[in-house]
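Step one of this worksheet: look at the structure below.
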Amino acid sequence: MISRKKLIQFYIEQYTVESKRKEKKVPRYTDAPSRIKNLQKTLRRARPSRIPIQNLEDYHRQIKNMALYAYRKKRDDLALTIQIELIPKLVDLDLGLLLKEQKEGIDGEFLSYLRRKLPGAVCQETLFTLYPKFRQYKVKNKILELVPSRPEMEFPEVRKMHRHFILHIGPTNSGKTFRSLQRLKTAAKGVYLGPLRLLALEVYEQINSYGVPCTMLTGQECIEEENSRITASTIEMADFDEEYDVAVIDEAQLVADTDRGHSWTKAILGLRAKEIHICMSPAAESAMIHLIELCGDDYETERYERKTALLCEETSFTFPEDVQPGDALIVFSKKSVLDVAGRLEEQGIEASVIYGSLPPEIRRRQMHLFNKGKTRVVVATDAIGMGLNLPVRRIVFLQSEKFDGVGRRPLTTSEVRQIAGRAGRYGIYNSGYVNAMGEEELEYIREHYEAEEQPIEEVNLGFPQLLLDIDGPLDEILRIWHSVTPSAPFVKENIEEALTLYDQAKKCRDEIDGFEDKRTLYRMITCPIDIKDRKVVSLWLSYCKNYTADTSLERPRPEYGRRKNIQQYETYYKQLDLYYQFSHRMQKVVDETWLNEERARTEMMIMKYLTKGKTNYIARCRYCGKLLPLGTPFQVCDRCFHRK
């Protein structure tokens with residue numbers, strides 16, 4: 001920290017320079033000496049711990065006006081009083097507001113920054129508000145220095161390679177992924193990267209069925225096969241140090257996703273593979289070509305058409321009268337999925353269910369029931385649109401709006417096409433059909449299914465971990481990095497969940513060994529968990545505090561209330577996933593036997609709830625028990641609402 005004497009000299013210099021600026025209007029004081037005397041008394045009485053920052057800023061401005069008056073009126077006596085009496089006390093009050101680490105940062109570099117970038121700012125603002133601006137400026141400059149202006153240059157070794165890309169471009173049900181896997185199975189060393197654990201599992205089973213040893217690697221588990229040549233993995237588990245002959249990147253249109261898109265971008269820019277197959281919807285073509293050209297690699301395109309016709313029905317769907325075997329009924333929340341499935345069960349119609357928070361193995365079992373004809377229909381969220389292969393004859397949209405984390409909005413063209421495209425599975429049906437509940441909804445779905453998808457204009461970028469070496473708090477580095485606008489078409493990943501977990505950890509920073517180590521802390525706050533589930537976040541925070549206590553983490557314990565329900569088992573399953581992922585991130589020993597047994601037991605209980613008893617989730621009025629309209633956000637019928 002700079003000495004108090006030098007800081008006072010800096011303040012005097014800044015107030016003097018401001019006083020000499022010609023455009024300044026001279027205050028009209030009739031009693032300047034008494035004003036200075038009153039301010040002098042006020043400053044003497046002031047205590048840093050009690051003074052509001054707005055009051056302190058006002059003292060800065062009052063002294064500025066008095067210094068201007070003294071200079072213009074040639075009142076050297078007043079100027080001397082300001083320099084000897086007022087400014088030193090002002091400096092003490094400013095310093096008194098700062099934390100210890102902030103005081104240590106008040107050095108010559110900070111004063112030079114104020115002279116160059118914010119001349120005169122100290123005459124109207126406190127050090128408490130000026131120092132964070134200096135920190136932001138310093139960190140931003142370091143970010144610009146460390147991170148290449150061109151994202152592809154983050155992988156200099158890969159830029160020396162000559163990679164060849166094959167772009168498989170087509171709608172759903174066109175065979176593009178199948179074609180790329182035919183090439184993958186011939187590779188001496190290859191990798192498949194997809195968006196879902198279920199897709200990785202499907203590829204793992206398919207490649208092994210060809211007699212080619214294949215390993216599966218996801219955030220939840222690793223299934224190794226002896227002499228494995230191929231790895232089927234989720235995109236986040238991509239290995240950028242390994243060299244491959246052939247790589248397949250599936251569902252690449254997700255490069256625009258604000259939460260996960262950066263994983264696709266990184267794979268395309270940085271994967272060490274001689275031959276890379278990218279499967280995508282037509283909307284992603286221009287974005288993919290742009291990334292490949294940035295890398296200086298070459299490419300070829302293969303275009304695909306749907307293998308079955310897809311027809312939009314003329315008459316809107318009525319629930320449950322129009323339900324047919326092979327239908328997939330689409331809603332956009334877990335609550336709605338279970339509500340619809342419960343109503344079908346009440347009508348004697350068995351249904352499989354698929355939604356985002358359902359454990360992957362349960363999704364697979366639910367799909368298996370539908371594939372084998374043990375359930376007649378499937379009720380699902382838009383999770384069904386992510387490459388899941390189901391023998392669906394008809395897609396029926398029971399809702400045409402979804403909640404996206406901010407508010408309810410209509411489905412986009414790409415969402416409608418991605419979901420509707422699941423109808424008419426090739427090899428089972430000659431045609432697929434699309435419908436919606438309600439005339440207006442059907443017209444909306446028809447209009448957007450037939451519309452052309454808009455090309456993807458934004459490509460998501462992830463946080464470069466080399467920035468963790470910058471001096472400063474992790475949240476400050478994340479926020480400043482996110483504020484730096486990259487060149488088009490790149491946009492920064494969403495960091496809100498990481499910052500939410502950071503804030504949780506910061507409250508207990510003294511209990512967390514490694515909080516000051518940004519690399520350790522970053523591994524903690526980027527652990528993929530459901531931050532909306534209070535019990536999962538609580539376990540995560542417990543692991544942050546206690547991970548150094550033993551060679552392994554404490555096993556999660558199920559917490560059930562008086563009445564067990566599916567939500568409690570799903571939460572426990574998420575805690576089991578957290579136990580596995582946090583253990584691997586912090587190099588802890590995992591009790592694989594216990595974990596597999598607990599997962600199997602929990603899966604069995606969830607399946608039990610989903611097989612029978614879904615009628616408990618039907619949306620009924622909480623007062624009279626009357627059936628509520630499908631998809632209603634309310635818990636009370638109109639009649640009871642008006643009575644109350």
For the residue pair [Y] / [X], report whether a side-chain donor-acceptor contact shorter than 3.5 Å exists.
X: Gln454; Y: Glu452; value: no
X: His482; Y: Asn494; value: no
X: Tyr573; Y: Glu603; value: yes
X: Gln581; Y: Tyr543; value: no
X: Thr177; Y: Asp250; value: yes
X: Tyr192; Y: Glu202; value: no
X: Thr308; Y: Arg425; value: no
X: Asn173; Y: Tyr426; value: no
X: Asn460; Y: His262; value: no
X: Glu225; Y: Ser228; value: no
X: Ser233; Y: Thr231; value: no

request  = Might you work through the side-chain contact (heavy atoms from CB on, under 4.5 Å) test for Ile169 and Met280, ending with a clear yes or no?
outcome  = CA-CA 5 Å; Ile169 305 165; Met280 71 190 90; 4.1 Å; yes
Taking the side chain as C-beta and beyond, is there a heavy-atom pair between [X] and [Y] under 4.5 Å?
X: His277; Y: Leu167; value: no
X: Asp382; Y: Ile330; value: no
X: Thr381; Y: Val337; value: yes

Closer than 3.5 angstrom, by distance alone: can the side chain of [X] be matched with the main-chain N or O of [Y] as a donor-acceptor pair?
X: Thr172; Y: Gly421; value: yes
X: Trp264; Y: Ala256; value: no
X: Glu415; Y: Thr412; value: yes
X: Asp577; Y: Gln220; value: no
X: Arg393; Y: Tyr429; value: no
X: Lys492; Y: Val484; value: yes

Kindly give the heavy-atom pair with the smallest separation between [X] and [Y], and that separation in Å.
X: Arg260; Y: Glu236; value: NE-OE2, 2.7 Å
X: Met161; Y: Asp297; value: O-OD1, 3.8 Å
X: Ala267; Y: Leu193; value: CB-CD1, 4.3 Å
X: Ala420; Y: Val434; value: CB-CG2, 3.8 Å
X: Leu358; Y: Ile606; value: CD1-CG2, 4.2 Å
X: Phe370; Y: Val378; value: CE1-N, 3.9 Å

Measure from NZ or CZ of [X] to the centre of the six-membered ring of [Y], then state whether that distance is under 6.0 Å and the direction lies within 45° of the axis.
X: Lys266; Y: Phe240; result: yes
X: Arg417; Y: Tyr449; result: yes
X: Arg272; Y: Phe155; result: no

task = Could you please spell out the steps behind the salt bridge (charged side-chain N to carboxylate O under 4.0 Å, His left out) verdict for Glu570 and Lys334?
result = CA-CA 12 Å; Glu570 287 178 1; Lys334 168 189 166 181; 2.6 Å; yes
Tyr210 vs Gln182, side chain to side chain donor-acceptor pair (under 3.5 Å): CA-CA, chis, key distance, verdict = CA-CA 10 Å; Tyr210 295 142; Gln182 293 302 302; 3.0 Å; yes
request  = Measure from the ring center of Phe178 to the ring center of Tyr304 and say whether it is less than 6.0 Å.
outcome  =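 No; Tyr304 has its ring centre 6.0 Å or more from that of Phe178.
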query = Is the gap between the ring centers of Trp594 and Tyr579 under 6.0 Å?
reply =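 Judged by ring-centre distance (under 6.0 Å), Trp594 and Tyr579 do meet the cut-off.
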task = Evaluate the criterion side-chain contact (heavy atoms from CB on, under 4.5 Å) for residue pair Val191 and Glu242; output intermediate values, then yes/no.
result = CA-CA 10 Å; Val191 64; Glu242 196 70 64; over 6 Å; no
Does this structure show an ion pair linking [X] with [Y], if we count only N-O contacts that are shorter than 4.0 Å?
X: Arg365; Y: Glu361; value: yes
X: Lys189; Y: Asp245; value: no
X: Asp471; Y: Lys138; value: no
X: Asp550; Y: Lys588; value: no

ask   = Please walk me through it: do Cys222 and Met216 pass side-chain contact (heavy atoms from CB on, under 4.5 Å)?
value = CA-CA 6 Å; Cys222 177; Met216 187 181 86; over 6 Å; no
Under 3.5 Å, sequence neighbours excluded: what are the donor-acceptor pairs made by side chains of residues 281-296?
{"residue": "Glu285", "atom": "OE1", "partner": "Arg303", "partner atom": "NH1", "Å": "3.0"}
{"residue": "Glu285", "atom": "OE2", "partner": "Arg303", "partner atom": "NH2", "Å": "2.6"}

request  = Classify the ring geometry between Tyr522 and Phe463 as parallel (under 30°), tilted (30 to 60°) or perpendicular (over 60°).
outcome  =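 The rings of Tyr522 and Phe463 sit tilted, inter-plane angle from 30° to 60°.
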task = Would you sort out whether Arg555 and Asp591 count as a side-chain contact (heavy atoms from CB on, under 4.5 Å), showing the intermediate values?
result = CA-CA 9 Å; Arg555 298 171 180 175; Asp591 188 338; 2.5 Å; yes
message = Could you go through Glu221 and Thr218, starting from their C-alpha distance and side-chain angles, then the distance that decides it, and tell me whether this counts as side chain to side chain donor-acceptor pair (under 3.5 Å)?
response = CA-CA 5 Å; Glu221 64 195 309; Thr218 71; 4.6 Å; no
key: Residue pairs fulfilling salt bridge (Lys or Arg N to Asp or Glu O under 4.0 Å) with at least one residue in residues 176-185, sequence neighbours excluded   =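 Matches after skipping sequence neighbours: Arg179-Glu302, Arg183-Glu275.
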